[in-house]
Number of protein chains: 2
Amino acid sequence: MFSIGTLSNQTGVKVPTIRYYEQTGLLDAPERTEGNQRRYGKAELERLGFIRHARDLGFSIEAIAALIRLQNHPDRSCKEATDIAIAQLGYVRAKIERLQKLETELVRITDGCSGLGVTEDCYVLASLGNHGLCEADHDRETR
Amino acid sequence: MFSIGTLSNQTGVKVPTIRYYEQTGLLDAPERTEGNQRRYGKAELERLGFIRHARDLGFSIEAIAALIRLQNHPDRSCKEATDIAIAQLGYVRAKIERLQKLETELVRITDGCSGLGVTEDCYVLASLGNHGLCEADHDRETR
DNA sequence: TCTTGAACCTCTAGTGACTAGAGGAATTAT
DNA sequence: ATAATTCCTCTAGTCACTAGAGGTTCAAGA
């Protein structure tokens, strides 16, 4: 049994974040010492590792909660877990595509400007003010 | 002179968002009617178009505020505006790179799973639980 | 001119996933 | 025994909005 600080060191997840995960139900409330401090074991270490890895991959807390529910029902079809991962993949791909459009336009904007003039004639500012200068549409980056 | 709703229609920026921009200082407080309703002119329309375009490109409110300050001092060097845009480009590129790593791993994870079995043997869940299965490091996606 | 209904106003609170800080208690090391 | 560190809870802040309550003003038609 180890403290929240040790768990934090083992997993790289910050202490307040661990408490936040407990609060939101991603982690079960652990045992406590007589003095009310949290004490964790191997099971929590593994689950937090799972959560951390999924977060690193950009899964939402909500999606991770769903994955954990699936883990707790090992008889359920694997398809549901795969579906969540595939949805995440689609989300990541869509985001990449959007960002690549933004990259293209930012390159265009920054290339057009020597950086030597004064703001009055600045191509960056002109481009931002005049969407008509864009070559293509770019969707809003929803983060 | 036109209302906030008209401005919203012209720019595609939602009414509450326009008020939010005013509150945060991105937009100046406009004239009001006797009945306290906002009335806008061409200048505000243009500035909001500028803001919208910059937001679409992923610039932060803070960065946009800086760009607007530069616009208001046309004698300042264009370099500052270009620097902001270049920083944004770097940010976008870093994000793309991270997301591509995530994409690779998500493909690996989802390809490894037939979707036919039960969760107990699910490769998706196993992969998420065991970071050691990853081929490469992937940084946390900071959004 | 009056009425109706749409659009407007302010204010507060909620979103996601944390992070920061206050003020105090428990644990660990010396 | 004492000092340093870690832990506890609770509240509030972050970013860029979005939603809703409860009330007021405006514009168009009768």
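Residue numbers start from 1 in every chain, and the chains themselves are labelled A, B, ... in the order their sequence lines are given, proteins ahead of strands.
In this structure, the CD atom of B:Gln10 is 16 Å from the C1' atom of C:dA7, given to the nearest Å. The separation between A:Leu26 atom CG and C:dG16 atom P is 12 Å, rounded to whole Å. Rounded to whole Å, atom C1' of C:dC9 lies 13 Å from atom CD of B:Gln23. Atom-to-atom, CD1 of B:Ile18 to C1' of C:dC8 comes out at 12 Å; the value is rounded to the nearest Å. As rounded to whole Å, 14 Å separates atom C1' of C:dA17 from atom CG of A:Leu27. Rounded to whole angstrom, the span from the CD atom of A:Glu22 across to the P atom of D:dC8 amounts to 9 Å. In this entry the distance linking OH of B:Tyr20 with P of C:dC11 reads 17 Å, nearest Å. If you take CE of B:Met1 and P of C:dA7, they are 20 Å apart, rounded to a whole angstrom.
Residues satisfying the side chain to side chain contact (heavy atoms under 4.5 Å, CB included) criterion with A:Glu46, sequence neighbours excluded, are A:Lys42. When the side chain to side chain contact (heavy atoms under 4.5 Å, CB included) test is applied to A:Ala65, the partners found at least two apart in sequence or on another chain are A:Leu26, A:Arg69. Taking the side-chain hydrogen bond (donor to acceptor under 3.5 Å, both in side chains) definition, one finds that B:Thr6 meets it with B:Ser3, sequence neighbours left out. Partners of A:Glu103 under the salt bridge (Lys or Arg N to Asp or Glu O under 4.0 Å) rule, at least two apart in sequence or in another chain, are B:Arg93. For A:Thr17, there are no side-chain hydrogen bond (donor to acceptor under 3.5 Å, both in side chains) partners, not counting sequence neighbours. Residues passing the salt bridge (Lys or Arg N to Asp or Glu O under 4.0 Å) test with B:Glu97: none are found, sequence neighbours excluded.
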Find every protein N or O atom lying less than 3.5 Å from an N or O atom of nucleotides 19-21 of chain D, and list the pairs.
none

Tabulate atom names and distances for all N/O pairs under 3.5 angstrom spanning the protein and nucleotides 24-27 of chain C.
| residue | atom | partner | partner atom | Å |
| --- | --- | --- | --- | --- |
| C:dT27 | OP1 | A:Thr33 | OG1 | 3.0 |
| C:dT27 | OP1 | A:Gly35 | N | 3.3 |

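Contacts classified as salt bridge (Lys or Arg N to Asp or Glu O under 4.0 Å) and involving residues 15-24 of chain B (residues at least two apart or in different chains) are given here: B:Glu22-B:Arg32, B:Glu22-B:Arg38.
Checking D:dC17, C:dT10, C:dC8 against the side-chain heavy atoms of B:Ile4 singles out C:dC8 as nearest.
Nearest approach of A:Ala85 to B:Thr110, heavy atoms of both residues: CB-CG2, 3.5 Å.
A:Glu80 and A:His73 share no donor-acceptor pair across their side chains, judged by distance under 3.5 Å alone.
A close approach under 4.0 Å does occur between a side-chain nitrogen or oxygen of A:Thr17 and OP1 or OP2 of C:dT19. Considering only side-chain N and O atoms, B:Arg19 lies nowhere under 4.0 angstrom from the phosphate OP1 or OP2 of D:dA16. A sub-4.0 Å separation between OP1 or OP2 of D:dC17 and a side-chain N or O of B:Tyr21 is present. Applying the 4.0 Å criterion to OP1 and OP2 of D:dC7, one finds that A:Arg38 has every side-chain N and O outside that range. At the phosphate of C:dC8, OP1 or OP2 sits under 4.0 Å from a side-chain N or O atom of B:Ser3.
The residues B:Glu44 and B:Arg47 are annotated as not salt-bridged, no charged nitrogen and carboxylate oxygen being separated by less than 4.0 angstrom.
Taking the nucleotide of DNA chain C with the nearest heavy atom to each of A:Ile61 and B:Arg32, the more 5' of the two is matched to B:Arg32.
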